[in-house]
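Lettering of chains follows the sequences in order, A, B, ..., and the numbering in each one begins at 1.
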Number of protein chains: 2
Amino acid sequence: MSKNKVNIYDVAEKADVGIGTVSRVLNNSDKVKDNTRKKVLEVMKELNYRPNKLAQNLARQKANAVAVIVPSFIDHFFVEVLKGIQDALEEENIDLILHKIDLNENRMKKIMDIVHSRKVDGIAALTMDISDTENQELKDSGIPVVLADEFSADFHSIYLDDLKGAEMAVDYLVNHNHNKIAFINGDINSLHGQKRLAGVKKSFQKHNLKINTALIKDGDFYAEDGYQSMQEILELPRTEWPSAVFAASDNQAIGVLQAMEEKGLKAPDDIAVIGYDNIELAKYLKITTVWQPMYQLGHLAIEILLKAIKGELNEIYQKELELKLVKRETA
Amino acid sequence: MSKNKVNIYDVAEKADVGIGTVSRVLNNSDKVKDNTRKKVLEVMKELNYRPNKLAQNLARQKANAVAVIVPSFIDHFFVEVLKGIQDALEEENIDLILHKIDLNENRMKKIMDIVHSRKVDGIAALTMDISDTENQELKDSGIPVVLADEFSADFHSIYLDDLKGAEMAVDYLVNHNHNKIAFINGDINSLHGQKRLAGVKKSFQKHNLKINTALIKDGDFYAEDGYQSMQEILELPRTEWPSAVFAASDNQAIGVLQAMEEKGLKAPDDIAVIGYDNIELAKYLKITTVWQPMYQLGHLAIEILLKAIKGELNEIYQKELELKLVKRETA
DNA sequence: CTGTTAGCGCATTCAT
DNA sequence: ATGAATGCGCTAACAG
């Protein structure tokens with residue numbers, strides 16, 4: 001039962017020094033004679049001493065941890081971003097406290113609870129489009145915040161341009177001689193959904209294509225939603241079928257392909273299909289898609305956050321990461 | 001710049017009470033007159049007071065957080081388990097500190113660092129098969145630990161029986177008149193890989209089937225690995241082809257299907273295929289597979305962990321969760 | 001019921 | 001270079 005109750009006083013006593021000295025060797029202070037340092041180090045090992053982080057945190061007034069806020073919708077995208085976040089955090093030995101905050105509930109209250117708890121030194125929020133009125137409180141709190149996959153003029157933000165990505169996809173389709181293009185969107189209430197729609201419209205305009213509302217669908221970003229939307233489209237008279245469809249997610253694209261397959265249709269010959277995300281399976285299903293630098297997004301977000309925490313950032317950092325079109329076989 | 005420097009002393013003074021009383025209302029002690037409680041509450045609101053968790057933690061000698069340790073291989077399985085973990089934790093308002101610990105590095109040192117840091121009250125480890133020699137140190141530390149997706153006689157563990165799952169899959173195949181069955185395994189060095197292989201062998205023996213080593217492959221759990229293994233199998237003389245293949249993961253099954261498709265083969269008519277995991281896409285690709293109760297696994301793991309932390313567990317809790325075969329179209 | 005005191009374990013002046 | 005004292009913000013006896 002010799003529980004680890006050993007603290008600085010114990011090692012100080014045994015090493016015959018003051019607790020101040022022990023604290024100094026703990027923090028690698030250079031103002032410690034080599035001999036004493038060595039002696040203290042020995043005693044620490046002997047007693048199997050470990051500093052109590054809780055006490056350190058309180059004394060230092062910092063938590064050595066950051067909060068990572070993700071929407072409940074945890075899919076491939078977030079996992080990849082999380083990997084980047086985790087790696088970046090581990091490099092600095094900072095704890096990652098994961099919070100799931102749904103979009104519908106009173107997010108700001110939850111966030112402010114986190115802020116006031118003092119358990120984190122900063123916050124990285126993924127895909128959280130917070131309104132201007134909401135963010136005032138957060139801004140006032142002074143806690144470092146970085147938005148990943150979201151732009152805000154008020155916070156450091158690393159983001160992707162959904163509009164550009166969608167535009168890129170449709171441009172590609174048009175350049176491959178498609179002029180009847182369907183767009184199967186994700187949640188139209190999300191910023192992403194809206195921006196991707198805007199990108200589609202922009203490309204249409206640019207190429208003088210008219211929008212056929214019967215070919216513009218929205219739902220959610222799941223495979224099932226893509227499947228249903230495509231089914232509806234394929235119920236239209238054959239003459240109204242699109243020659244290509246752009247899905248707002250690879251999962252939806254997979255649903256689309258399935259709906260086509262059930263009708264004996266193949267991509268790209270019957271109808272071309274292009275997705276968004278470049279999930280691992282897109283590769284195996286050979287889906288042409290838009291790739292997003294997810295890992296980099298997470299990694300950079302943390303780099304910036306840590307800089308902000310250290311006070312090394314004098315102005316708001318804004319950075320757009322580049323998307324890439326991955327050409328495969330479905331379009 | 002009226003930063004949130006307000007502490008119990010401030011509210012105590014303004015409310016004209018002692019800090020003890022403030023602390024009591026903070027902790028919902030019943031020994032506080034309604035009037036004083038009300039007064040204190042008002043002052044707290046007025047001053048926008050929030051307790052400093054760091055200080056609370058130190059004073060209480062508990063972190064109000066648990067560490068969740070996951071292998072670097074973060075895929076669908078872990079995400080689902082994580083959801084269960086997160087939900088269970090949120091119900092109790094406990095923080096989730098996420099640690100990624102690779103299987104190769106000196107895991108135990110990292111884990112013991114976490115233990116000694118005092119920043120968590122307990123540990124939930126996913127898919128961490130720790131050896132007996134290793135776990136001694138962890139056991140001695142006395143910190144509550146629960147293993148999810150892993151069995152150990154020394155720790156609380158919620159686990160799945162891979163052997164049974166694999167056996168179930170092969171049994172199913174045999175019952176559908178297959179007697180030349182290939183097994184495409186994941187990492188043979190992992191406990192999962194070994195157990196699934198054992199399950200396959202058990203079913204083979206049960207049915208008096210002879211093992212053809214040319215039809216037993218291993219690699220990793222990714223789609224690409226399944227693809228390659230299946231390609232190798234399809235390079236065998238046609239007479240040696242299996243009539244069915246059991247893949248140790250849905251991702252591998254998808255790779256298998258792709259390899260087949262490239263040869264113009266279809267499931268289940270040419271070769272039946274069965275996977276493992278029941279990822280979302282297995283549904284859309286209509287892959288017959290073995291379902292694992294991932295969410296429940298995570299949720300229950302935390303329930304048990306929290307009980308252990310509260311000291312409500314007198315003996316080691318061991319629970320096997322049931323697997324289910326999801327019959328779809330590839331087998 | 002409530003105020004006071006003493007830790008929790010460590011960081012950090014301030015002298016020496 | 002180092003020891004002693006003070007504080008971080010809160011909890012938990014201990015008196016009253």
Side-chain angles (χ1 to χ4, degrees), chain A residues 3-44 47-65 113 115-121, chain B residues 3-44 47-65 93 95 113 115-121:
Chain A
K3 273 292 186 59
N4 251 328
K5 282 268 185 185
V6 32
N7 58 22
I8 31 174
Y9 287 92
D10 296 324
V11 348
E13 183 180 350
K14 183 143 188 173
D16 203 37
V17 299
I19 65 166
T21 301
V22 177
S23 177
R24 283 179 202 107
V25 337
L26 220 49
N27 296 286
N28 291 314
S29 165
D30 46 337
K31 321 174 198 169
V32 176
K33 220 193 308 181
D34 272 359
N35 261 337
T36 32
R37 179 192 306 282
K38 201 181 129 201
K39 187 172 55 180
V40 171
L41 250 18
E42 275 172 5
V43 174
M44 296 205 306
L47 264 42
N48 193 26
Y49 165 78
R50 306 287 193 119
N52 182 320
K53 299 275 188 188
L54 295 182
Q56 283 186 329
N57 290 344
L58 178 59
R60 289 181 179 141
Q61 293 289 70
K62 63 190 280 287
N64 242 286
D113 278 349
V115 171
H116 289 126
S117 77
R118 302 286 208 299
K119 293 191 74 167
V120 297
D121 305 314
Chain B
K3 274 290 187 57
N4 252 328
K5 280 266 184 186
V6 33
N7 59 20
I8 32 174
Y9 287 92
D10 297 323
V11 348
E13 183 180 350
K14 183 142 188 175
D16 203 36
V17 298
I19 65 165
T21 301
V22 177
S23 177
R24 283 180 202 106
V25 339
L26 220 50
N27 296 287
N28 291 313
S29 166
D30 46 338
K31 322 176 201 170
V32 176
K33 220 193 310 181
D34 272 0
N35 261 337
T36 32
R37 179 191 305 283
K38 202 180 129 203
K39 188 171 55 180
V40 171
L41 250 18
E42 273 171 7
V43 174
M44 297 204 307
L47 263 44
N48 192 26
Y49 166 78
R50 307 287 193 119
N52 182 320
K53 299 275 189 189
L54 295 182
Q56 283 185 328
N57 290 344
L58 179 58
R60 287 182 180 141
Q61 293 288 72
K62 63 191 279 288
N64 242 287
N93 203 27
D95 282 339
D113 278 349
V115 171
H116 288 125
S117 77
R118 302 286 207 300
K119 293 191 75 168
V120 296
D121 305 314

### Query
Going 5' to 3' along nucleotides 4-14 of chain C, which nucleotides have protein heavy atoms under 4.0 Å from the base (write B), which only from the sugar-phosphate (write S), and which from neither (write -)?
BB-BBBBBBB-
Which residues pass the side chain to side chain contact (heavy atoms under 4.5 Å, CB included) test with [X], sequence neighbours left out?
X	value
B/N7	B/Y9, B/D10
B/A59	none
A/K38	A/E42
A/K62	A/R60, A/N64, A/D121

### Task
Examine distances only and state if a side-chain atom of A/R118 and a backbone atom of A/H116 form a donor-acceptor pair shorter than 3.5 Å.
yes
#### Entry: Distance in Å, A/N52 CG paired with A/K5 NZ, rounded so as to fall on 0.5 Å steps
10.0 Å
#### Entry: Contact interval (first through last nucleotide) of DNA chain D with protein chain A, 4.0 Å heavy-atom
D/dA1 to D/dG9
#### Entry: Counterpart residues, salt bridge (charged side-chain N to carboxylate O under 4.0 Å, His left out), relative to B/K119 (two or more places apart)
A/D95
Could you pull out all donor-acceptor pairs under 3.5 Å where a side-chain atom in residues 14-25 of chain B meets a protein atom, sequence neighbours excluded?
| from | atom 1 | to | atom 2 | distance (Å) |
| --- | --- | --- | --- | --- |
| B/K14 | NZ | B/E46 | OE2 | 3.2 |
| B/S23 | OG | B/N27 | ND2 | 3.4 |

### Task
State, with a plain yes or no, whether a side-chain heavy atom of B/L26 is found less than 4.5 Å away from one of B/Y49.
yes
### Message
In the structure I gave you, are the side-chain heavy atoms of A/V6 and A/M44 within less than 4.5 Å of one another anywhere?
### Response
no
### Message
Taking the axis from the first five pairs and the axis from the last five, what angle separates them in the helix from C/dC1-D/dG16 to C/dT16-D/dA1, rounded to 10 degrees?
### Response
40°
